[in-house]
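Start at 1 with the first residue, then count along the sequence.
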Amino acid sequence: MGFSFFNKEKRAAEQYTKAAEQGDARAQFNLGVCYALGMGVEKDQKKAVYWYTKAAEQGHADAQNYLGLYYDFEDEEKDREEKEWVSSTRARAEQGDADTQNHLGMCYDFEMGVKKDQKKAVYWYTKAAEQGNAFAQNFLGEHYKGGVGVEKDQKKAVYWYTKAADQGDARAGYARAQVNLGVCYERGVGVEKDPKKAIYWYMKAAEQGDADAQVNLGVCYERGVGVEKDPKKAVEWWTKAAEPRPTLSRDVVDPGNEEAQTNLGWCYENGVGVEKDQKKAVYWYTKAADEGGERAGYAREGYARAQNNLGLCYENGVGVEKDQKKAVYWYTKAAEQGNAMAQDNLGRCYERGVGVEKDLKKVVYWYTKAAEQGHADAQFNLGSCYENGVGVEKDLKKAVMWFTKAAEQGNARAQTNLELCYKNGVEKDQKNAGYGYTKEAEQGDADAQTNLGLCYELGEAVEKDLKKIVYNVNYFSAEKIIQGNIGVYATDDAIVHRPVVGEKGSDDPKNIFCPYCGRQLPDDARFCTGCGKQISG
């Protein structure tokens, strides 16, 4: 809907009123701004709050923000009037008015004029929902899904989301329920997983302009969830959600959806669905990372994932001139919001003096923050700090603990260090000893496979087991592909291992081949005569 800021405020207010009365959330918010500022209508704070509330009920972020500001800064007289308003609202709700019942539920839900009480919020939402109020139905679904003010019941959540979503093809008022229902079908929450139904509901909401639905729809096209994989369509939907959207107030601009902006940045950085353009990647990362958007008056922290990605761009000179100080700035912004990747990156910067003075205590601090969230690289880095006494007192037991956590996630460096710790004097845990070699061997590391074979052969860190070794080569690399008594063949036909020691044909030179180049070798070979690599210790 177009509008002009100059000399047409009255006409704009009239148009907003028409759209607002039909349930358009953006028009309701803009009309609230008109009443708050006296633009095209006589200034009236109560009407402003009324229309903000209408828009907020539909999930309009600006309206929810403005309501919060309104209630935060009102003086005692306003508080008294507010309580009177709640009292009259309660009276109308008790008389059975569904809209008022929903409003009263919101008062208890968001602590507007009354003390927060989730059970009472559910009570009034239920009253309104049973009369067909779509907003209340959606709120009620959210409470059942999260178990807030009522016993958790995901099936009931789906029931109420469906009630609300089914009411609104054309009106924006039900888009939020459609998104929620789409999420349930996508993830199998309270209903059997059905990606196609998820797409159906996301599309309903996305076509109404719901940014969250547009983001989710983009993700589905990117991954091929419920639709054929189509990165170009993913970019199309993310672009719709990412674009800044004007509001009536000159001091406020909706800066667009941060997740969509970050996803677009990633697409441009990697050339997914669009032509690779690192400058555009930085543009979109910056949009999402920005605190407060393009104009004053829009409150947001900045999207942490975008801030971390922007930090990487500045650190490595991707789409922007290399600037390590700016990299640290953005890592810090993201890390303070709890982004584990940024915390690990920031720890690394303090450890190496990248864009900031070295500070070993901060190294440990940030690695710990990330490691406690399960970030495998940070767990390895923290383990190394304890292993070597970097920023902390040397503690091999703690080193082993963090290496183990990282190793369990497949971190190859942690797997190696864990085994070395056991070899260098840390008390062996028979359940974990040999763990590092095993994990790396599973990933195809030839050295680890050889070491693991020797462990089984010598009984080091594992129980001695000659059936789990192969003479001249380790057992593990062939563990899953032994073919009876004939010999052991690798997945690559060019590489053939000899049979397990003791099996028929184990002393037949015809069955002995180099595991690296496939060259046939003599029975007692220790080094390959073809590639020169060591075959056995």
Side-chain angles (χ1 to χ4, degrees), residues 25 28-29 49-74 78-165 167 173-184 187 189-191 210 212 299-301 338:
Q28 291 168 343
F29 167 71
V49 170
Y50 172 82
W51 287 113
Y52 288 155
T53 302
K54 283 284 191 182
E57 288 172 351
Q58 301 187 52
H60 193 286
D62 282 341
Q64 292 168 345
N65 185 41
Y66 272 43
L67 274 178
L69 292 173
Y70 176 84
Y71 288 118
D72 281 344
F73 293 106
E74 289 300 84
K78 290 290 183 182
D79 287 341
R80 182 184 64 77
E81 291 178 0
E82 181 185 316
K83 288 177 181 177
E84 290 178 357
W85 176 75
V86 171
S87 178
S88 64
T89 298
R90 183 181 290 107
R92 291 195 302 275
E94 288 172 348
Q95 291 171 15
D97 183 81
D99 287 340
T100 307
Q101 291 169 338
N102 179 59
H103 288 163
L104 189 56
M106 286 186 66
C107 288
Y108 283 111
D109 207 355
F110 302 109
E111 203 167 2
M112 299 190 300
V114 291
K115 188 176 179 180
K116 194 180 189 82
D117 190 326
Q118 300 288 4
K119 288 185 177 180
K120 286 185 178 179
V122 169
Y123 172 83
W124 288 111
Y125 286 150
T126 302
K127 288 283 189 184
E130 287 173 346
Q131 294 192 64
N133 185 287
F135 306 124
Q137 290 168 340
N138 180 62
F139 281 130
L140 196 54
E142 290 177 347
H143 278 264
Y144 275 111
K145 184 179 179 182
V148 178
V150 67
E151 189 175 345
K152 190 172 183 176
D153 190 327
Q154 294 177 336
K155 288 186 177 180
K156 282 189 178 178
V158 170
Y159 172 83
W160 287 114
Y161 287 152
T162 304
K163 284 284 189 183
Q167 290 193 47
Y174 313 108
R176 176 53 37 191
Q178 292 167 343
V179 175
N180 289 338
L181 191 55
V183 171
C184 289
R187 300 177 184 175
V189 175
V191 68
D210 187 279
D212 289 337
R300 72 174 185 181
E301 292 181 283

Please work out whether the ring planes of His103 and Tyr50 are parallel, tilted or perpendicular, with thresholds of 30° and 60°.
perpendicular

Side chains of Val122 and Gln118, heavy atoms from C-beta outward: is any pair under 4.5 Å?
no

Using 30° and 60° as the class boundaries, would you call the ring planes of Phe139 and Phe110 parallel, tilted or perpendicular?
perpendicular

Flag if over 12 foreign heavy atoms under 6.0 Å of NZ, Lys145
yes

Here the gap from Leu104 atom CG to Ser88 atom OG, rounded to the nearest 0.5 Å, amounts to 10.0 Å

Looking at every heavy atom in both Asn138 and Ala177, which two are closest together, and how far apart are they?
OD1-CA, 3.2 Å

Heavy-atom nearest pair, Ala128 first then Ala136, reads CB-CB, 3.5 Å

Once rounded to the nearest 0.5 Å, what's the spacing between atom CD of Gln58 and atom OH of Tyr174?
8.0 Å

Using residues 146-157 as the side-chain source, report each donor-acceptor pair under 3.5 Å to any protein atom, sequence neighbours left out, with the distance given to one decimal.
{"unit_1": "Asp153", "atom_1": "OD1", "unit_2": "Lys155", "atom_2": "N", "d": "3.2"}
{"unit_1": "Asp153", "atom_1": "OD1", "unit_2": "Lys156", "atom_2": "N", "d": "3.1"}

Report the residues that fulfil side chain to side chain contact (heavy atoms under 4.5 Å, CB included) with Thr100, sequence neighbours left out, ordered by chain and then residue number.
Thr89, Arg92, Ala93, Asp97

Which distance, rounded to the nearest 0.5 Å, do you find between the CD of Gln131 and the OG1 of Thr126?
11.5 Å

Flag side-chain contact, heavy atom, 4.5 Å: Met106 against Phe135:
no

Partner residues of Asp109 under the salt bridge (Lys or Arg N to Asp or Glu O under 4.0 Å) criterion, sequence neighbours left out:
none

Expected output: side-chain Glu142 to main-chain Asn180 donor-acceptor under 3.5 Å:
no

Heavy atoms, side chains only, cut-off 4.5 Å: are Arg176 and Val179 in contact?
yes

Distance check, rounded to the nearest 0.5 Å: Leu181 atom CG versus Lys163 atom NZ?
13.0 Å

Closest approach of Ala134 and Ala164, non-hydrogen atoms and distance?
O-CB, 3.4 Å

Answer whether the closest heavy-atom distance between the side chains of Phe29 and Trp51 falls below 4.5 Å.
no

